[in-house]
Amino acid sequence: MLIFDGAEELDFVGPWEVFTMAAALRDGDVRVVTISERAEPVRCAKGMRVIPDHTIANAPTLDVVLVPAGRAPAPR
């Protein structure tokens, strides 16, 4: 799950619940991770702060990428 400053919490927390439950019920190596541009905590749209599991630079090989809705801040 790609998270970023301004991401809508429900747009990735809800799918996180579904995907992690599905992973727990499946046999095999299924992992759900959060990824962000940088390693620092991400401040979401309603103020929730989330520490990403990986950065884009060190992310594992991915089969699916979920990008939540939200308003990303202007480039620095």
Side-chain angles (χ1 to χ4, degrees):
M1 309 218 171
L2 181 65
I3 57 174
F4 51 89
D5 287 333
E8 287 291 337
E9 291 90 339
L10 189 57
D11 288 358
F12 70 90
V13 175
W16 176 274
E17 289 282 330
V18 172
F19 292 143
T20 56
M21 180 57 71
L25 296 173
R26 276 183 61 114
D27 291 332
D29 186 24
V30 177
R31 292 188 312 149
V32 181
V33 297
T34 54
I35 298 170
S36 183
E37 183 177 12
R38 59 190 194 287
E40 291 81 28
V42 171
R43 183 171 297 277
C44 300
K46 308 297 185 296
M48 175 189 262
R49 287 189 283 171
V50 179
I51 299 170
D53 296 314
H54 301 279
T55 64
I56 292 171
N58 70 11
T61 301
L62 305 170
D63 293 319
V64 175
V65 176
L66 182 136
V67 181
R71 183 167 295 203
R76 298 177 199 179

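Heavy-atom contacts from other residues, nucleotides or ligands closer than 6.0 Å to CD1 of I51 number 12 or fewer. Heavy atoms from other residues, nucleotides or ligands lying under 6.0 Å from CG of L10 number 12 at most.
Atom-to-atom distance recorded for M48:CE and I3:CD1 is 10.0 Å, nearest 0.5 angstrom. For the atom pair CH2 (W16) and CG (L66), the distance works out to 11.0 Å, reported to the nearest 0.5 Å.
V65 is connected to F4 through a chain of hydrophobic side-chain contacts under 4.5 Å among Ile, Leu, Val, Met, Phe, Trp and Tyr, so both are in one cluster. Residues I35 and V32 are members of separate hydrophobic clusters, defined by side-chain heavy-atom contacts under 4.5 angstrom among Ile, Leu, Val, Met, Phe, Trp and Tyr.
The two atoms that bring A7 and C44 nearest to each other are O-CB, 3.2 Å, heavy atoms only. Scanning all heavy atoms of the two residues, the minimum distance from R38 to T55 falls at C-CG2, 3.6 Å.
For the pair D63 and R31, the salt-bridge criterion is not met [side-chain N within less than 4.0 Å of a carboxylate O].
A donor-acceptor pair is defined here as one N or O able to donate and one able to accept, closer than 3.5 Å; no such pair exists between the side chain of E37 and the backbone of I56. Judged by distance alone, the side chain of D11 and the main-chain N or O of E8 form no donor-acceptor pair under 3.5 Å. Formation of a donor-acceptor pair under 3.5 Å by the T34 side chain with backbone atoms of D53 is found in this model.
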Worksheet entry | Verdict with supporting geometry, D5 and R49, salt bridge (Lys or Arg N to Asp or Glu O under 4.0 Å) | CA-CA 9 Å; D5 287 333; R49 287 189 283 171; over 6 Å; no
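Residues F12 and V50 form a side-chain contact, since some pair of their non-hydrogen atoms from C-beta on lies under 4.5 Å apart.
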